[in-house]
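Before any comments, here is the structure.
Every value quoted in this text rests on a predicted model; they were computed, and no experiment measured them.
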Amino acid sequence: MTKSNGRILIIDDDQAVLYTAKLILKPHFAEIITESSPSQIISHLKKGTFDIILLDMNFAHGVTHGQEGLRWLREIMKHDSEAHVIVNTAYGDIDLAVTAMKEGAVDFLVKPWEKEKLTATMLSVYQLSQSKKEVTRLRHRENTLSKDLDSPYAEIISDSPAMKKLFSTIDKVAITHANVLILGENGTGKELIARAIHRKSQRAGEPFIKVDLGAIAETLFESELFGHMKGAFTDARDDRAGRFEAASGGTLFLDEIGNLSLPLQAKLLTAIQSREITRLGSNQSVPVDVRIISATNLPIHELIADSEGISAHASKQKSFRQDLLYRINTVEIRIPPLRERPEDIQVLAHHYLSVYKKKYQKPKLNLSDKTLNMLNKYAWPGNVRELQHALERAVILSESSRLSVSDILPEKQGVVKAFSTQEAEPLNMEAIEKITIRNAIKKHQGNLSNAADELGLGRSTLYRKISKYGL
């Protein structure tokens with residue numbers, strides 16, 4: 001038998017009752033305090049909280065109406081509205097028990113009680129008290145995290161006109177229930193934008209559930225999104241809700257939606273259209289109320305499949321249903337890559353330097369104006385994520401008080417120097433992008449998959465840019 005850490009207060013004017021209750025409950029609870037005088041109740045409460053208070057309803061000899069017990073119950077609840085009080089009532093006095101529960105008691109016992117009944121009731125209420133404490137703790141933690149996140153656009157650091165326009169769009173769309181499609185290259189912050197929309201919506205108090213569709217195996221797709229019943233397949237040992245059910249009332253964020261195969265797109269479309277799902281192994285449909293926010297780094301409009309499922313622009317592996325696209329992009333938001341908002345490079349560099357100086361306890365680190373200017377000349381194909389990781393690595397490895405370009409971009413110094421030698425010539429972001437792509441292809445000896453990975457681009461995006469620049 002495992003003894004809990006529970007702290008119990010028992011109030012009864014009968015010493016025999018106090019002795020018996022303590023004897024029965026001692027094996028189950030760590031601390032049991034008994035009190036024969038109800039006038040001492042508040043004194044006990046001021047010394048600490050109790051997981052359970054067992055309160056008798058009559059203290060004067062021969063009195064059975066329970067009014068004194070009700071008065072002390074009200075005093076307890078006034079002092080601690082979260083107190084878990086069990087009341088002791090005489091046999092047949094159910095009306096008094098009902099009145100006590102209306103005043104805040106969580107359960108009642110009828111005297112004389114049996115040992116098993118007392119133990120079972122006390123353990124049950126103890127579990128209830130622990131569950132409520134855990135819910136309260138989690139709620140406080142969630143509120144604290146929300147305050148940290150709910151700065152206007154937490155972690156979306158920007159001074160650029162392009163992003164300010166995007167923030168305005170978020171404000172307009174967030175207050176609606178419209179489905180949103182977020183387009184942007186890898187590392188631009190699509191999930192941050194999705195979370196910002198959720199936090200500003202009427203669903204902010206409900207779940208935000210993310211699903212990385214690019215990481216789910218086709219065989220697990222239905223189980224992950226729609227759930228399953230026990231025995232639906234070999235490893236289905238219990239009933240389990242899917243992501244749609246978990247997000248009901250809130251927001252479902254479908255990341256990397258462009259990676260879904262056509263058969264899975266059809267299943268997803270059915271769920272979105274009908275606003276209901278059916279768990280694997282069940283014939284019962286379950287209604288769901290979710291707002292869909294989707295994201296992809298692929299040129300999804302170029303992947304639209306025709307009636308035979310073939311896209312003129314898509315690779316053999318990728319195509320996308322037009323009817324599904326219509327469902328998910330009531331409003332479409334495009335996040336500009338970092339090279340299209342160079343104003344943000346220095347702002348972000350200072351921000352991440354500040355974060356990682358504190359994290360790694362290197363308060364004297366700084367960036368020179370020369371280094372910042374050089375960073376502005378780099379195209380940042382991996383976008384904000386690349387800049388963030390580059391700053392973190394530089395702070396970790398730094399041995400001086402000032403970070404140089406070689407600290408931040410050790411493998412790409414040649415690219416940055418190539419830009420810096422052309423300062424007298426007019427440069428634009430397309431010229432920088434062209435040079436960066438050419439260097440990446442050269443570095444990987446023509447292996448476009450590896451070049452695309454380093455650049456943080458999808459292969460189809462890289463093919464399009466190679467064609468654009470005639471590389």
Side-chain angles (χ1 to χ4, degrees), residues 1-12 17-18 20-35 38 40-58 66 68-145 205-207 238-241 245-246 248-249:
M1 182 186 301
T2 303
K3 182 184 289 190
S4 75
N5 291 322
R7 191 164 184 261
I8 312 299
L9 175 62
I10 305 173
I11 308 109
D12 199 297
V17 169
L18 294 178
T20 304
K22 188 170 185 177
L23 190 66
I24 293 171
L25 299 174
K26 191 173 182 180
H28 301 282
F29 299 100
E31 184 177 3
I32 300 172
I33 296 173
T34 58
E35 178 57 64
Q40 296 301 309
I41 290 175
I42 302 304
S43 176
H44 284 292
L45 293 178
K46 287 180 178 178
K47 293 176 183 177
T49 59
F50 293 89
D51 294 293
I52 309 172
I53 299 172
L54 180 58
L55 175 68
D56 194 24
M57 296 303 285
N58 295 292
E68 189 176 7
L70 288 173
R71 179 169 69 83
W72 286 113
L73 173 60
R74 295 185 192 105
E75 288 297 317
I76 292 171
M77 301 310 296
K78 190 184 299 182
H79 184 85
D80 180 6
S81 61
E82 300 298 320
H84 288 71
V85 182
I86 300 174
V87 296
N88 261 327
T89 64
Y91 177 75
D93 206 352
I94 300 301
D95 289 342
L96 178 59
V98 171
T99 302
M101 295 185 74
K102 288 180 179 179
E103 295 284 354
V106 296
D107 208 340
F108 67 93
L109 285 165
V110 177
K111 291 197 296 185
W113 27 254
E114 297 176 352
K115 173 183 175 180
E116 293 77 10
K117 178 63 175 177
L118 173 64
T119 303
T121 301
M122 295 292 283
L123 288 174
S124 176
V125 173
Y126 176 73
Q127 290 300 323
L128 174 64
S129 73
Q130 295 307 106
S131 297
K132 285 187 176 180
K133 285 179 181 178
E134 179 66 9
V135 169
T136 301
R137 185 184 68 81
L138 292 173
R139 186 177 292 120
H140 286 166
R141 185 173 71 174
E142 182 180 345
N143 289 340
T144 300
L145 291 172
E206 300 299 327
D238 299 290
D239 294 351
R240 188 183 131 187
E245 283 186 78
S248 193

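- Across every non-hydrogen atom of Ala246 and Pro207, the tightest pair is O-CG, 3.5 Å.
- Listed by chain and number, the residues in a ring pair (Phe, Tyr, Trp, His ring centres under 6.0 Å) with Phe108 amount to none (sequence neighbours excluded).
- Within the structure, the salt bridge (charged side-chain N to carboxylate O under 4.0 Å, His left out) test picks out the following pairs touching residues 69-81 (sequence neighbours left out): Arg74-Glu103, Glu75-Lys78.
- The CD1 atom of Ile8 lies 4.0 Å from the CD1 atom of Ile52; values are rounded to the nearest 0.5 Å.
- Rounded to the nearest 0.5 angstrom, Met101 CE and Leu73 CG are separated by 11.0 Å.
- With sequence neighbours left out, the side-chain hydrogen bond (donor to acceptor under 3.5 Å, both in side chains) criterion links Glu31 to Arg7.
- With sequence neighbours excluded, the residues forming a side chain to side chain contact (heavy atoms under 4.5 Å, CB included) with Gln40 are Glu35, Ser37, Ser43, His44, listed by chain and number.
- Among residues two or more places apart in sequence or in another chain, the side-chain hydrogen bond (donor to acceptor under 3.5 Å, both in side chains) test is passed with Asp107 by none.
- To the nearest 0.5 Å, atom CE of residue Met57 and atom CG of residue Asn88 are 9.5 Å apart.
- Across every non-hydrogen atom of Ala83 and Ile53, the tightest pair is CB-CD1, 4.4 Å.
- Across Gly104 and Met77, no two heavy atoms sit closer than the pair O-CE, 4.0 Å.
- Residues forming a side chain to side chain contact (heavy atoms under 4.5 Å, CB included) with Thr20 (at least two apart in sequence, or on another chain): Ile24, Trp113.
- Listed here is the closest heavy atom pair of Val87 and Ala105: CG1-CB, 4.0 Å.
- How far OG1 of Thr89 is from CG of Leu109: 8.0 Å, rounded to the nearest 0.5 Å.
- Separating the CG atom in Leu9 from the OG1 atom in Thr49 is a distance of 11.5 Å, to the nearest 0.5 Å.
- In this structure, CD in Gln127 is found 13.5 Å from NZ in Lys132, a value given to the nearest 0.5 Å.
- In this structure, the side-chain hydrogen bond (donor to acceptor under 3.5 Å, both in side chains) partners of Lys133, at least two apart in sequence or on a different chain, are Asp51.
- Minimum heavy-atom separation, Pro38 to Ile11: CA-CG2, 4.1 Å.
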Check: residues 116-123 side-chain donor-acceptor pairs under 3.5 Å, at least two apart:
residue	atom	partner	partner atom	Å
Thr119	OG1	Lys115	O	3.0
Thr121	OG1	Lys117	O	2.9

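- The only option from Leu18, Thr34, Leu54 that meets the side chain to side chain contact (heavy atoms under 4.5 Å, CB included) definition with Asp12 turns out to be Leu18.
- Formation of a donor-acceptor pair under 3.5 Å by the Asn58 side chain with backbone atoms of Gly66 is found in this model.
- Residues passing the side chain to side chain contact (heavy atoms under 4.5 Å, CB included) test with His79, sequence neighbours excluded: Ile42, Leu45, Lys46.
- Applying the side chain to side chain contact (heavy atoms under 4.5 Å, CB included) test to Arg240 and every residue at least two apart in sequence or in another chain returns Glu224, His228.
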